[in-house]
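We name chains A, B, ... by the order of the sequence lines, and we start the count at 1 in each one.
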There are 2 protein chains.
Amino acid sequence: MTTMAKKITINDVADAAGVSVTTVSLVLSGKGRISEATGLRVNEAIEKLGFVRNRQAASLRGGQSGVIGLIVRDLCNPFYAEMTAGLTDELEKQGKLLFLTQSGAKGQHMQRCFETLVAQGVDGVIIAGAAGQGAELRELAEQKNLPLVFASRASYLDEADIIRPDNMQAAQLVTEHLIKRGHQRIAWIGGRGSSLTRAERLGGYCSTLLKFGLPFHSEWIIECESSQKQAADAITTLLHHNPTITAVLCHNSTIAMGAWFGLLRAGRQSGEGSLDSYYDRHVALAAFAEVMDDELDDLPLTWVSTPAREIGRSAGQRILARAKNGDDEARNQIMPARLVLRSS
Amino acid sequence: MTTMAKKITINDVADAAGVSVTTVSLVLSGKGRISEATGLRVNEAIEKLGFVRNRQAASLRGGQSGVIGLIVRDLCNPFYAEMTAGLTDELEKQGKLLFLTQSGAKGQHMQRCFETLVAQGVDGVIIAGAAGQGAELRELAEQKNLPLVFASRASYLDEADIIRPDNMQAAQLVTEHLIKRGHQRIAWIGGRGSSLTRAERLGGYCSTLLKFGLPFHSEWIIECESSQKQAADAITTLLHHNPTITAVLCHNSTIAMGAWFGLLRAGRQSGEGSLDSYYDRHVALAAFAEVMDDELDDLPLTWVSTPAREIGRSAGQRILARAKNGDDEARNQIMPARLVLRSS
DNA sequence: CTGAAAGCGCTAACAC
DNA sequence: GTGTTAGCGCTTTCAG
């Protein structure tokens, strides 16, 4: 603690530059037409004094705070972490800032978070993982006349302004890919029955099978925790009882890793080769990936990705658009998945 | 967009309750002695009007904003994600809020982030992953008279107010554990040579070996990316060339998973049993874990954890303490690791 | 093109 | 206990 550095305000700058505060403010925001000379003088003074504009005061008077609030269910979940990273990137790029709050796994603190953010004067709120409180929140936001955007992993019917992955299309994409590679007996491993994301993906998987006139067996759909060990065991059992299966869809990267080790153990390594040469020996693996996982680079599998980061970015653009224009345009934005092929 | 709800201020509340703004303010902050009756009346009015206090205005006048800024290197890194989660938890518990910014992997945006946070009037800044810019930042903060706390994964010599894991102690802990279980030939797998965290851990590992008069072989220390495949290959090669090794320390959970599969493949499964019965057959595995990883539950290994979440929490407490008291007390806080035993 | 002055919503002296 | 009043630092009419 050297010098109790007195806070520099635009008044000080105005004095130093020999102009009025209005002029300084104008220079700061680049609004009114300021003569080159004055502008220069003001900027010099700013530089010299090390002035930083107090945004709180600015927004108190002006209106927009340049701050967006995020309520995220659980930051440690890689999907949300990645989404949040994408969001801050986008916001910072636009010169905005983010308030981070966590609603808790079951959304216990949702209400409190929302209130806090409102009190801070945010220009909009993004909810990542609504935990079924969509309707109330939307009402609250409307009351306060505050832009609200949802970013989710699956669709919630009662919410309107939402950005989410197209889980069904993702599943269709990867299923169709496997079919086109000649696979006719495609199984599914991973996810809990209660997962909405999984349900949507299963929809895409089943519908694609139907579309190609392929058989659908509910015994080929294995529920399983996201654990490599469980996945390895699951795939082993599955193939033991259903040796004709030639391809397996994995609900996420952990499952995929586990499945791969399971295959290794069973001597039926995954591979992308044509069926003719691998029939009855190799089983092809494909997986869903919400975040890029370096681990997957080592595996000979094809995966379909719905970049969480992109969802974060879009959510950022969206909330800013809504905060700027009084109202909004597009709603219910669905982010398509991309197929990433592997040979290895 | 139903009604352009006019913003409610304490003036409205004061009117509605038939008191002055001071009284309302006092009730809000619970400071002055307010009579039971008035307090009740004010709160009723607040409730009825749906008033939310504008914190920007409050902090503009009062001083403290109740907001802390975080500059994190990369949110997608599980360590930082967990740390950030712990931090927001702590702050929210204390009624504070967090601004989240990302400095980028190489700290490219550090300066800009810092400026932005200052402009927003934060009460303090936490830096997670300083990327060697500690000194400049500390100077900047001192200039602005702003509390600054570092949260790191390893020690940076030029930074003072820092909270970090005790990597050396962690390594000592786990190494000593292995030795006490009878292991005398302990190898190391994982991490890049450029990692400071790894260097500190290696220090603890080596010094413990020395302390117990055990041999140290540099060939037993394998550098390796955090990939299961590479870890599996590395441990296989290692044991092939050095079959007498009885235990392996893994730099993180991915390495541990990979090592375990490598052992499986080689038929030398990890186990915690006494050496007598497993000698020359089983190899014991131990690992460092910065975040709890469910995957590890499946593995028969002992690990030592430095909870990233705790570091976040401590950083939160610390910055708040510094923001409250003009100055600080403890510095360079080192978070000890905890040994978690497994039998399985 | 630039300046004077009126607040944004709230808090903190200081009165009563 | 409660009311009056003067700002916090900035933007924004409205005059020059």
Original post:
So among Glu290(B), Arg164(B), Arg73(B), which one has a side chain to side chain contact (heavy atoms under 4.5 Å, CB included) with Arg153(B)?
Top reply: Glu290(B)
Original post:
Which parts of nucleotides 9-15 of chain D does protein reach within less than 4.0 Å, heavy atoms only, written one letter per nucleotide 5' to 3' as B for base, S for sugar-phosphate only and - for none?
Top reply: BBBB---
So, are [X] and [Y] salt-bridged, with charged N and O less than 4.0 Å apart?
| X | Y | value |
| --- | --- | --- |
| Lys96(B) | Glu90(B) | no |
| Asp161(B) | Arg322(B) | yes |
| Arg41(A) | Glu44(A) | no |
| Arg309(B) | Asp89(B) | yes |

Euclidean distance, atom [atom1] of residue [X] to atom [atom2] of [N] [Å, nearest integer]:
| X | N | atom1 | atom2 | value |
| --- | --- | --- | --- | --- |
| Glu36(B) | dT2(D) | CD | P | 11 Å |
| Gln64(B) | dA12(C) | CD | C1' | 15 Å |
| Asp15(A) | dT2(C) | CG | P | 17 Å |

**OP:** For dT2(D), take OP1 and OP2 only and decide whether either is under 4.0 Å from a side-chain N or O of Thr38(B).
**Re:** yes
**OP:** For dG1(D), take OP1 and OP2 only and decide whether either is under 4.0 Å from a side-chain N or O of Thr23(B).
**Re:**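 Looking at the OP1 and OP2 atoms of dG1(D), neither is under 4.0 Å from any side-chain N or O of Thr23(B).
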Original post:
Does Ser314(B) use its side chain to pair, donor to acceptor, with the backbone of Ile311(B) at less than 3.5 Å?
Top reply: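 No.
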